[in-house]
Protein chains: 2
Amino acid sequence: MQVMQIKVAIVDDDKDMRTSLATLIRRTASLQLLGNYANGEIALEEIPRQPPDVVLMDINMPGMAGIECVRQLKAIVPAVQVLMLTVYEDSDSLFNSLKAGASGYLLKRTSSSKLLEAVRDVHAGGSPMSPQLARRVVQFFSKPQGESQITHLSPGEREFLQLLTKGYVYKEIAEQMNISTDTVRYYVRTVYEKLHVHSRTEAVVKFLHG
Amino acid sequence: MQVMQIKVAIVDDDKDMRTSLATLIRRTASLQLLGNYANGEIALEEIPRQPPDVVLMDINMPGMAGIECVRQLKAIVPAVQVLMLTVYEDSDSLFNSLKAGASGYLLKRTSSSKLLEAVRDVHAGGSPMSPQLARRVVQFFSKPQGESQITHLSPGEREFLQLLTKGYVYKEIAEQMNISTDTVRYYVRTVYEKLHVHSRTEAVVKFLHG
DNA sequence: AATGTGGCTGCATATTCATGCAGTTGCTTC
DNA sequence: GAAGCAACTGCATGAATATGCAGCCACATT
């Protein structure tokens, strides 16, 4: 039995791009082209009728922007996986797309073979992303630079901080760590000192992205 | 002139893995194997003497864990790019690695060709990541579903939250907003209700990345 | 005019937090 | 083995927070 084809739809206002993507999809046996839409409004109408597995979405289109289209599309058909395509490496677009529910994010200059691979990845539950863009995401997590004082905390102190951010009160933290609530207070002291803060809020903020 | 070789070091406690990685690197003309270390302690001593461009780091080793090793290594030699290797798709390890300063994150079952590509990517300033793992990161951003409650906060409530994250006490917030401290308490109530939280910490965390 | 509503203020109180002081254990160092 | 130190526990207390109840005012609805 043949492997099930992945159903794909394209949303892009650029005619050339659209046809070249369409050709690529049609030439690939494992993919099936379901639709080809020139703008967000049409896509939002047509896609729900015949939901594809994967949508290739141009990020900047006149009228409804790609990001808004993703947001609404995911609200109607949560199961579709959206792969954003863009020429810009702009950070805001990237993060907003992810927040809107996009699963992957590729630069348009991505090679055909990579693009096909990305379609399969995203359909398999992955989140393909151009390495340059992934770096933006990674940097969101890594401390700006230099060393925040967080570096030299003991494992216990880290665990404590972790629980602190969860909103647990000292008693609950004590239970989870199997220590007395007075020892929790002890951690409060040592950690606050190392972080140079004087309140729970400051500690949490610093830990989260300080 | 020949293209500059990328200098690579390996940190992995598993001898088989180490030699197989080493062989792969040596066979590749564009890469140069600088060192091959069996644990984090040795790596921390040796790597700074002769800093490589890229470090392949096993994430779970006896003794110092890979994550801790990254943290300390990046503190000493910030320029090195670290690629984490793991057999597990565990979310915590992933996020903690990124926070510690790792640039990429691959599953060990990644093919040789992908791994070599990843080394080049990370050296070129990218952040290669297995699609399955990238999905975890992406999910971190996308709202679980629907819209985060933060969207429909009034400007005043937003300003209040902003100040809350700064660590100001109610009295100070009142001064900055030119309202009474009792009105600050009022904001506390309405905001907590909208955010479905019951403590300052939870509110701050939700506001920072809800 | 009466009613209702949302934004703000005031007051009260129970809970949680921040921090100082002191005592224990166990391990290292001279 | 004495002294030092780090990790933990206990107790105490003032400060800050969370939340209930109630009154006021401006404005909209009936």
Side-chain angles (χ1 to χ4, degrees), chain A residues 147-210, chain B residues 40-41 44 62-65 67-68 71-72 75 147-210:
Chain A
E147 266 334 299
S148 66
Q149 307 86 335
I150 296 176
T151 329
H152 31 69
L153 290 179
S154 76
E157 289 169 335
R158 282 220 180 74
E159 184 187 356
F160 159 74
L161 259 174
Q162 199 78 41
L163 295 170
L164 206 63
T165 65
K166 302 280 194 180
Y168 295 116
V169 299
Y170 294 172
K171 189 158 70 73
E172 294 168 327
I173 294 176
E175 283 165 14
Q176 306 224 11
M177 293 182 72
N178 278 321
I179 55 181
S180 79
T181 75
D182 280 307
T183 303
V184 173
R185 286 182 222 279
Y186 165 74
Y187 275 128
V188 172
R189 270 172 271 213
T190 58
V191 167
Y192 282 12
E193 190 174 358
K194 288 187 183 178
L195 261 48
H196 305 301
V197 299
H198 303 278
S199 77
R200 180 170 181 150
T201 302
E202 290 175 291
V204 166
V205 171
K206 204 155 215 166
F207 180 64
L208 251 36
H209 64 266
Chain B
E41 288 80 0
L44 273 182
M64 179 184 300
I67 293 177
E68 188 53 35
R71 195 188 318 280
Q72 297 189 29
E147 259 330 298
S148 95
Q149 307 88 335
I150 295 176
T151 342
H152 34 67
L153 289 179
S154 76
E157 289 169 334
R158 236 174 257 276
E159 184 186 358
F160 159 73
L161 260 174
Q162 199 75 44
L163 294 170
L164 206 64
T165 66
K166 301 283 193 179
Y168 295 117
V169 300
Y170 293 170
K171 189 159 68 75
E172 294 168 325
I173 294 175
E175 283 164 14
Q176 307 223 12
M177 295 182 69
N178 280 318
I179 54 179
S180 79
T181 74
D182 279 306
T183 302
V184 173
R185 286 183 223 278
Y186 165 74
Y187 275 128
V188 172
R189 270 174 273 213
T190 58
V191 168
Y192 283 12
E193 190 174 357
K194 288 187 183 176
L195 262 46
H196 304 302
V197 299
H198 304 276
S199 77
R200 181 172 181 147
T201 302
E202 290 175 289
V204 166
V205 170
K206 205 154 214 166
F207 180 66
L208 253 36
H209 59 259

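Proteins come first, then strands; the chains are lettered A, B, ... in the order of their sequence lines, and each starts at number 1. Below, each value reflects all heavy atoms present in this structure, side chains not excepted, and no hydrogens, waters or symmetry copies. These numbers come from a predicted model, not from an experiment.
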task = Please confirm whether the backbone N or O of B:Val197 pairs with a side-chain atom of B:Lys206, one donor and one acceptor, at under 3.5 Å?
result = no

message = Within the 4.0 Å heavy-atom criterion, would you say B:Ser199 contacts the bases, only the backbone, or no part of the nucleic acid?
response = sugar-phosphate

request  = Please report, rounded to the nearest Å, how far the P atom of D:dG10 is from the OH atom of A:Tyr187.
outcome  = 14 Å

message = Whether B:Tyr168 contacts D:dA16 is assessed here as follows: a side-chain N or O lying under 4.0 Å from the phosphate OP1 or OP2. Is that the case?
response = no

query = Given atom CG of B:Asp182 and atom P of D:dA16, what is their separation to the nearest angstrom?
reply = 15 Å

request  = May I ask you to say whether A:Lys166 pairs ionically with A:Glu172, meaning some side-chain N is under 4.0 Å from a carboxylate O?
outcome  = no

task = Give the rounded distance in Å between these two atoms: CZ of A:Arg158 and C1' of D:dA7.
result = 17 Å

Under 4.0 angstrom between A:Tyr170 side-chain N/O and C:dC17 OP1 or OP2 = no

task = Would you please confirm or rule out a distance under 4.0 Å between OP1 or OP2 of D:dG10 and any side-chain N or O of A:Ser180?
result = yes

request  = Let me know the distance between CD1 of B:Ile179 and P of D:dC25, rounded to the nearest Å.
outcome  = 19 Å

query = In whole Å, what is the span from the CE atom of B:Met177 to the P atom of C:dG7?
reply = 13 Å

ask   = What integer distance in Å separates B:Arg185:CZ from D:dA22:C1'?
value = 15 Å

request  = Quick one: do B:Phe160 and B:Val188 satisfy side chain to side chain contact (heavy atoms under 4.5 Å, CB included)? Show the steps, please.
outcome  = CA-CA 8 Å; B:Phe160 159 73; B:Val188 172; 3.6 Å; yes

ask   = Expressed in angstrom and rounded to an integer, what is the separation of B:Tyr186 atom OH from D:dG23 atom P?
value = 18 Å

query = Is there a donor-acceptor pair closer than 3.5 Å between any side-chain N or O of A:Arg200 and the backbone N or O of B:Thr201?
reply = no

note = note: A:Tyr192, atom OH; C:dA18, atom P; distance rounded to Å ~ 3 Å

query = Do B:Arg189 and D:dG20 have a side chain to base donor-acceptor pair shorter than 3.5 Å?
reply = yes

